[in-house]
Amino acid sequence: MTEEILARYQQIAGTDVVDQLKQLAGALKGARVVHVNSTRYGGGVAEILHSLTAIKEALGLEIRWEVISGDENFFRVTKAMHNALQGFPQDISESALRVHQEINAQQAEILRPVLEDADFVFIHDPQPAPLIEFFPHRRGKWVWRCHIDLSRPHRPVWRYLRDIVSKYEATIFSMPDFTQPLPNLQYIIPPSIDPLTLKNQDLPQEEVDKIFDRFKLTREKPLVVQVSRFDRFKDPLGVIRAVRLARKFTPVQLVLAGGGAADDPEGEIVLKEVKAAALDDPDIRILFLPPDEHLTINALQRAADVVMQKSIKEGFGLTVTEAMWKGKPVIGGDTGGIRSQVVNHHTGFLVRTPEGAALRIRYLLSYPERRLEMGRKARQFVRDNFLITRHVRDYLSLMLALLR
Ligand code: UPG
């Protein structure tokens, strides 16, 4: 089974790539690796951890994925922290920070048997970051993995988090722009997608076509799609505005598909705002999907003529990578990790405003040949840079470097 999985990756990424992974994993045989984050379903971090743990296991590593739990209050505080770290100033009180510490103290006791003995512990994002404070006698190497755009954090909140993440042996960021003055080793590892999952595997055309009937979409108008959690950083209102501007010149319909994540309590509020903005517009569909609708997302991305990710802040943007892998040029916000994927005018377009996005929608819909050509380049760019095999290689190399 294991060899079978690796052979499938080999077909896509090449023999050399998988051989190198086996060699690196061989040098780490017996090492106990644990990843910790704050949700098992919904959002990019969970998406990555599902694949990362599966492929590392296939390579023979002893790997676990643990999820901390917290109450509503905890996730309200951590979402405010997330917003502040991506540059939206937030007032976070001392008592709110105490909630962050207290829940982590409780979770540390639950996870103690696993974390105390691990050789490598990867803690994802700010929610579980304080766990390290409760392991003064840890024996393994602890690494903090940041998934968000930390280029311009709200200072008071960053100062609080900086004191915590300074205790880790190393930190990982998705782009050089996000690194900060820290006393530990900083690594740059961009995220990735897994080409073998339901979300990204090839689909028969009938499967793609079903989307039109299921969601009552017309085949008469080109389809623009944005897939995202309902989060203001993803600018769903900007997407609606862009499509409305574009359709003054060319017919177009829009699907905004999203779901919630257990660690994101703002989703419902933003969804309401989006529904209010779309009102009863017959050419705008708002889809709130359960977190396991991977095939639906896959089909929607394939059915789209144009995929958008008009974020105003983005750590990386797996939805961009997913669409590019399906041969779609992406119109993406000129920000964060989207810049490392969308090579302007080659694999898509970078935009700053709804007006700019509308112009690019019209362009891509007017020149189908260009759309196909950019889509081909986009797929190749993902194959070369953003597949899970590259991601695992980076993790294995980092672990080996930390052992030296
Ligand atoms: N998704 C679904 N269903 C939905 C909506 C989203 O399955 O209804 C998936 C989507 O296909 C993708 C993931 O959820 O696989 C979303 O990932 P991403 O686009 O990366 O956004 P975030 O959830 O915001 O993830 C955080 C960062 C992001 C970074 C990611 C991994 O904000 O910038 O790429 O972590 O580092």
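Both counts, for ligands and for their atoms, begin at 1 and track the order of listing. Any value given below was found using the heavy atoms of this structure, including those in side chains, with hydrogens, waters and symmetry copies removed.
Within ligand 1, counting atoms from 1 as listed, the ones closer than 4.0 Å to a heavy atom of Ile48 are 31 (C), 36 (O). Less than 4.0 angstrom separates some heavy atom of Thr319 from each of these atoms of ligand 1: 10 (C), 12 (C), 19 (O). The distance from ligand 1 to the heavy atoms of Gly315 drops below 4.0 Å at these ligand atoms: 33 (O).
Classified by interplanar angle (parallel below 30°, tilted 30° to 60°, perpendicular above 60°), the ring pair His124/His147 is parallel.
With sequence neighbours excluded, the residues that form a side chain to side chain contact (heavy atoms under 4.5 Å, CB included) with Thr296 are Ile211, Arg214, Phe215, Leu289, Glu293, Leu300.
Nearest non-hydrogen protein atom to atom 6 (C) of ligand 1 is Val227 CG1, 3.8 Å. The protein non-hydrogen atom at the shortest distance from atom 33 (O) of ligand 1 is Glu314 OE2, 2.5 Å. For atom 34 (O) of ligand 1, the nearest protein heavy atom (residue, atom name, distance) is Gly317 N, 2.7 Å. Of the protein's non-hydrogen atoms, Leu318 N, 2.8 Å is the one closest to atom 20 (O) of ligand 1. Counting protein heavy atoms only, atom 11 (O) of ligand 1 is closest to Glu322 OE1, 2.8 Å. Of the protein's heavy atoms, His147 ND1, 3.4 Å lies nearest to atom 31 (C) of ligand 1. Scanning all protein heavy atoms for the shortest distance to atom 4 (C) of ligand 1 gives Gly259 N, 3.6 Å.
At a cut-off of 3.5 Å, with distance as the only test, no side-chain donor of Asp16 or Gln20 sits close to an acceptor on the other residue. For the residue pair Gln127 and Thr78, no side-chain donor N or O sits within less than 3.5 Å of a side-chain acceptor on the partner.
Side chain of Tyr168 to backbone of Ala129: a donor-acceptor contact under 3.5 angstrom is found. Side chain of Arg138 to backbone of Phe135: a donor-acceptor contact under 3.5 angstrom is found.
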Side-chain polar contacts of residues 86-99 - donor-acceptor pairs under 3.5 angstrom, sequence neighbours left out - could you list them?
from, atom 1, to, atom 2, distance (Å)
Gln86, OE1, Asp149, N, 2.9
Ser93, OG, Ser95, OG, 3.2
Ser93, OG, Ala96, N, 3.1

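Between Glu3 and Lys22 there is a salt bridge, since at least one side-chain N of the basic residue sits less than 4.0 Å from a carboxylate O of the acidic one.
Neither the backbone nor the side chain of Ile148 comes within 4.0 Å of ligand 1, counting heavy atoms alone. Contacts with ligand 1 closer than 4.0 Å are made by side-chain heavy atoms of Glu47 only, the backbone lying farther away. For Glu293, no heavy-atom contact with ligand 1 is shorter than 4.0 Å.
Not one N or O of Ala257 is nearer than 3.5 Å to an N or O of ligand 1, by distance alone. At least one N or O atom of Arg229, backbone or side chain, sits closer than 3.5 Å to an N or O atom of ligand 1.
Taking each of Gly44, Pro291, Gly337 in turn, the one with a heavy atom nearest to atom 30 (C) of ligand 1 proves to be Gly44. Residue nearest to atom 2 (C) of ligand 1, selected from His82, Arg145, Lys199: Lys199 (by heavy-atom distance).
More than 12 heavy atoms of other shown residues, nucleotides or ligands fall within 6.0 angstrom of atom CZ in Arg339. Other residues, nucleotides and ligands contribute more than 12 heavy atoms inside 6.0 Å of the CD atom of Glu109.
Cation-pi check for Arg145 over Phe122 is not met; the charged atom does not lie both under 6.0 angstrom from the ring centroid and within 45 degrees of its normal. Remark: Arg40 qualifies as a cation-pi partner of Trp65 under the 6.0 Å distance and 45° angle criteria applied to the six-membered ring.
At least one heavy atom of Lys234 lies less than 4.0 angstrom from ligand 1. Taking 4.0 Å as the cut-off, Pro191 counts as a neighbour of ligand 1 on heavy-atom distance. At least one heavy atom of Gly258 sits less than 4.0 Å from an atom of ligand 1. Taking a 4.0 Å cut-off on heavy atoms, Ile297 registers as neighbouring ligand 1.
The ring of Tyr160 has its center closer than 6.0 angstrom to the ring center of His100.
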